[in-house]
Structures are given as C-alpha cells and as structure tokens.
Amino acid sequence: MYYVIVNPASKSGKGHAIWTGLEPIFQEQNVPYRVLYSKGVGHVTKAVAKLTAQDKNGKAKPLVKLIILGGDGTVNEALQGIQDFERIWLGYIPTGSSNDLARDLQLPKDPSVILRRILDGGYSRTMDLGLLTYTDTSGERSRIRTNAIHSQRYFAVSSGIGFDAAVCEEALSSRFKNILNKMKLGKLTYLIIALRQLIAAKSASCDIYLDDGQTPIHFDRFLFTAFMIHKYEGGGFKFCPMADESDGKLDLCVVGKLPKPVIIAALPTAFWGKHYIFSAIRHYSASKVTFRSSIPLWVHTDGEVYRKADSITVSCLPQKLKLMM
C-alpha cells in the first residue's frame, strides 16, 4: 500500500491536475494506494502522525510507503508528523516553486518518470536530516496562521536565520509569487523580495559554536547564516556547493559584513556557488551548531517560517530518512 499526500495548491494550483494525470499509473500497475489532500497549514503533519503512530496495543505499525506530491514545504510538514523514521520510506514528486530538494537529488523533470521509478523498486538511498531546536522565548510569530509552534523542527534541505528567513517569511504572502510561478519565473520571486529585504535588513552580531567547541566564531555584523543538508535553497541559490546529504554534517554559509551594494553584486553569484570569492562570506562544517544573535531574527526550516529567535541549536541526524527514488 502506498499513501500519497497531494498538495493541490502547489505549482500555482496545478497540483491536483498533476495528480489526476499520475493516478492511472497506480491503476495500470494494479498497485494499491490511498490519496490524501492537504487542506491547509498543519494538516499534512497531523495526517502523517496518524499514519505512522503506534496501534492501539502500543506496537509499531507496518512499513509505511509515503509519496509526497508538493513542494519542499509540503515535505517539511510531513517530516514533523513522522513518529518512527525506521518504519517509513519516502518518495517525492516535486510540484513546488523552489524544488531545491529535487534539484540536489537530481530527480527527473517528468513526474510520471519519478512515480514509475518509485513503484518499480524499494528505497534506494538514505539521507541526513536536520533538526532545529529553539532555545529562546521570543514570541513574535510569522504570517503562517497556526497555534502549533513547537520547540523543534526537522528539515530536509536547509534551515536559516536572518536575511534568508526574512525573504521566506515575506514570500508567504507575496502577490508576485503566484504570478511569476505561472510565468515559470518563480526564481524571480525570491530575488525581488531579497532586494527589498536587503534594504530593510537590521544590523546584528552573532556567535557560532561548532560541535562542542567552547570558543565561538564571532561576527560583529552578519546578514544571515544558512545551515545546509543540501547544496541549494531559495529556488536554486547554491549556497553550499560542497554539501553532501549523506555525510552526517551540516554545511554553513555565513554572510558577514559586506556593504549592501557588494551584497547585491554577490547574490547572483550564489546561483553558481561562486559567492565564496567574497572574503566576508564564510563556509564551515559541523554535526551540531549553537547559534546566538544579538537580536531576534526570523528562522526558517525548508522555507517555512514560524517565529523569530535569537538562540538556536541545529543538529545533523545522519542517515535518518529512507528515500524511494
């Protein structure tokens, strides 16, 4: 049995139509399945939690084969609901606006090719996951309308604090996003918002503790820090070209003190991973990071933003997720 979670609003409202085109493949191959449609913020998390919970006798349920048809945000919601990662295999058919997970996994462009590959075999690889833990008590919430703000969140692609999260937070209600997605220019959404957020960015300092180190790496001023499992975020920005999704490490991209005109020049180079030519942009690697900033800033996990924080811990969970590809 395969469980398929469909985000009908993905791909600028084309998610349902894409699923309608894929459903006959299950029937053609006589493969049992059940489809669940996302009904809004938090629904996917609750549905996955129910699918993967223990039975009435406290025993683990049989293996769950779960296919997500949506964007990176839909995958992120699903991760929060998984009760036992050992009992789940995950397949992914990308229909989002950024699709950074699919980009780094090099999934085919054709959804039907992806689905047939999933149905042809078992799981084919494992992948690290990130775990964000909020360690402060900041109360400022994002535009996501939910009361379920937990102290920890998993992420598959990346987490970030500062500028990149502020861009994601504004994109939650951007009127340009759907328009540009329909024109197949989704990347411009983040670029336009990024330029606006850059002008409004507040000055902040930070201390970064790698693994269990006692001496922090200090930045008098920083724009953002990205904690990456994969190479890309934000719709194709190759912030960590050296990232490996199965090495048990987080790759950090820290953008330090740069004049705003230089940042504008540096931002496009990140599409090709060439931004480290700027000396104020640094790369680090660690399995666990403690991060403290001088002021509360927006924090994202896979582009989903729920609250601001000035103190977080980010960890890599090695080989946590089994993928069907």
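Below, all heavy atoms of this structure are taken into account, side chains as well, without hydrogens, waters or symmetry copies.
- Among residues two or more places apart in sequence or in another chain, the salt bridge (charged side-chain N to carboxylate O under 4.0 Å, His left out) test is passed with R116 by E28.
- Rounding to the nearest 0.5 angstrom, the gap separating the CG atom in L321 from the CG atom in L90 is 5.0 Å.
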| message | For F291 and T225: C-alpha separation, side-chain torsions, deciding distance, then whether side chain to side chain contact (heavy atoms under 4.5 Å, CB included) applies. | response | CA-CA 9 Å; F291 185 97; T225 297; 3.3 Å; yes
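- Among residues at least two apart or in separate chains, side-chain hydrogen bond (donor to acceptor under 3.5 Å, both in side chains) pairs with a member in residues 62-73 are D72-Y92, D72-S98.
- Close placement of the Y154 and F85 rings is indicated, their centers lying within 6.0 Å of each other.
- Looking at V167, V254, D164 one by one, the single match for side chain to side chain contact (heavy atoms under 4.5 Å, CB included) with F224 turns out to be D164.
- The backbone N or O of H283 sits nowhere less than 3.5 Å from a side-chain atom of D251 that would complete a donor-acceptor pair.
- Minimum heavy-atom separation, G235 to D100: N-OD2, 3.0 Å.
- The nearest pair of heavy atoms linking A309 to S293 is O-OG, 4.0 Å.
- Closest approach of I281 and A266 over heavy atoms only: CD1-CB, 4.4 Å.
- Every residue was checked against the salt bridge (charged side-chain N to carboxylate O under 4.0 Å, His left out) condition with R117, not counting sequence neighbours, and none meets it.
- Rounded to the nearest 0.5 Å, atoms CD1 (I67) and CD1 (I118) are 4.5 Å apart.
- Checked by atom type and distance alone, the side chain of K231 pairs as donor or acceptor with a backbone atom of A243 at under 3.5 Å.
- Of the residues listed (L297, L132, V314), the one engaging I161 in a side chain to side chain contact (heavy atoms under 4.5 Å, CB included) is L297, and it is the only one.
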Next on the checklist: Evaluate V289 against Y284 for side chain to side chain contact (heavy atoms under 4.5 Å, CB included), listing each step before the verdict.
Outcome noted: CA-CA 10 Å; V289 182; Y284 303 96; over 6 Å; no
Scan the side chains in residues 215-223 for donor-acceptor partners under 3.5 Å anywhere in the protein, sequence neighbours excluded, and list what turns up.
from, atom 1, to, atom 2, distance (Å)
H218, ND1, C206, O, 3.3
H218, ND1, D207, OD1, 2.8
H218, NE2, D220, OD1, 2.8

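- If you take CG on L250 and NZ on K288, they are separated by 11.5 Å, rounding to the nearest 0.5 Å.
- Counting only residues at least two apart or on different chains, no salt bridge (Lys or Arg N to Asp or Glu O under 4.0 Å) pair has a member in residues 256-265.
- Under the 4.5 Å side-chain heavy-atom criterion for Ile, Leu, Val, Met, Phe, Trp and Tyr, M1 and I5 are members of the same hydrophobic cluster.
- Cluster membership check: I277 shares its hydrophobic cluster with I264, using side-chain heavy-atom separations under 4.5 Å among Ile, Leu, Val, Met, Phe, Trp and Tyr.
- Side-chain N or O atoms of D211 include none that pairs as donor or acceptor with a backbone N or O of G213 at under 3.5 Å.
- L252 and Y209 fall into different hydrophobic clusters, where Ile, Leu, Val, Met, Phe, Trp and Tyr are joined by side-chain heavy atoms under 4.5 Å apart, directly or via other members.
- Here the straight-line distance linking atom CD1 of I88 with atom CG of L66 works out to 4.5 Å at 0.5 Å rounding.
- Hydrophobic clustering, with ILVMFWY side chains joined whenever heavy atoms are under 4.5 angstrom apart, keeps V113 apart from L107.
- The main-chain N or O of G73 is never found under 3.5 Å from a side-chain atom of E77 such that the two would form a donor-acceptor pair.
- D310 and S294 share no side-chain donor-acceptor pair at under 3.5 Å.
- The neighbour count for D120 CG, taken as heavy atoms of other residues, nucleotides or ligands under 6.0 Å away, is above 12.
- Taking the centre of each ring, Y37 and H16 come in below the 6.0 Å mark.
- At a threshold of 4.5 Å between side-chain heavy atoms, the hydrophobic network of Ile, Leu, Val, Met, Phe, Trp and Tyr places L105 and Y232 in two separate groups.
- Of all the heavy atoms in F155 and F227, the pair that sits closest is CE1-O, 3.7 Å.
- For F271 and F237, the ring centers are positioned less than 6.0 Å apart.
- Side-chain contact, T95 with S10: a donor N or O sits under 3.5 Å from an acceptor N or O.
- Checking side-chain atoms of S38 against main-chain N and O of V6 turns up no donor-acceptor pair under 3.5 Å.
- For Q29 (side chain) and Q27 (main-chain N/O), no donor-acceptor pair under 3.5 Å exists by modelled atom type.
- Screening residues 315-325 for salt bridge (Lys or Arg N to Asp or Glu O under 4.0 Å) gives E86-K322 as the qualifying pairs, with residues at least two apart or on separate chains.
- When all heavy atoms of V75 and I68 are compared, the closest pair comes out as CG2-CG2, 4.0 Å.
- Contact check for S112 versus I25: side-chain heavy atoms found under the 4.5 Å cut-off.
- With hydrogens and angles ignored, the 3.5 Å screen pairs no side-chain donor or acceptor of E233 with any backbone N or O of D302.
- With hydrogens and angles disregarded, no donor-acceptor distance shorter than 3.5 Å links the side chain of T52 to the backbone of D84.
- The two residues G96 and N99 come nearest to each other via the heavy atoms N-OD1, 2.9 Å.
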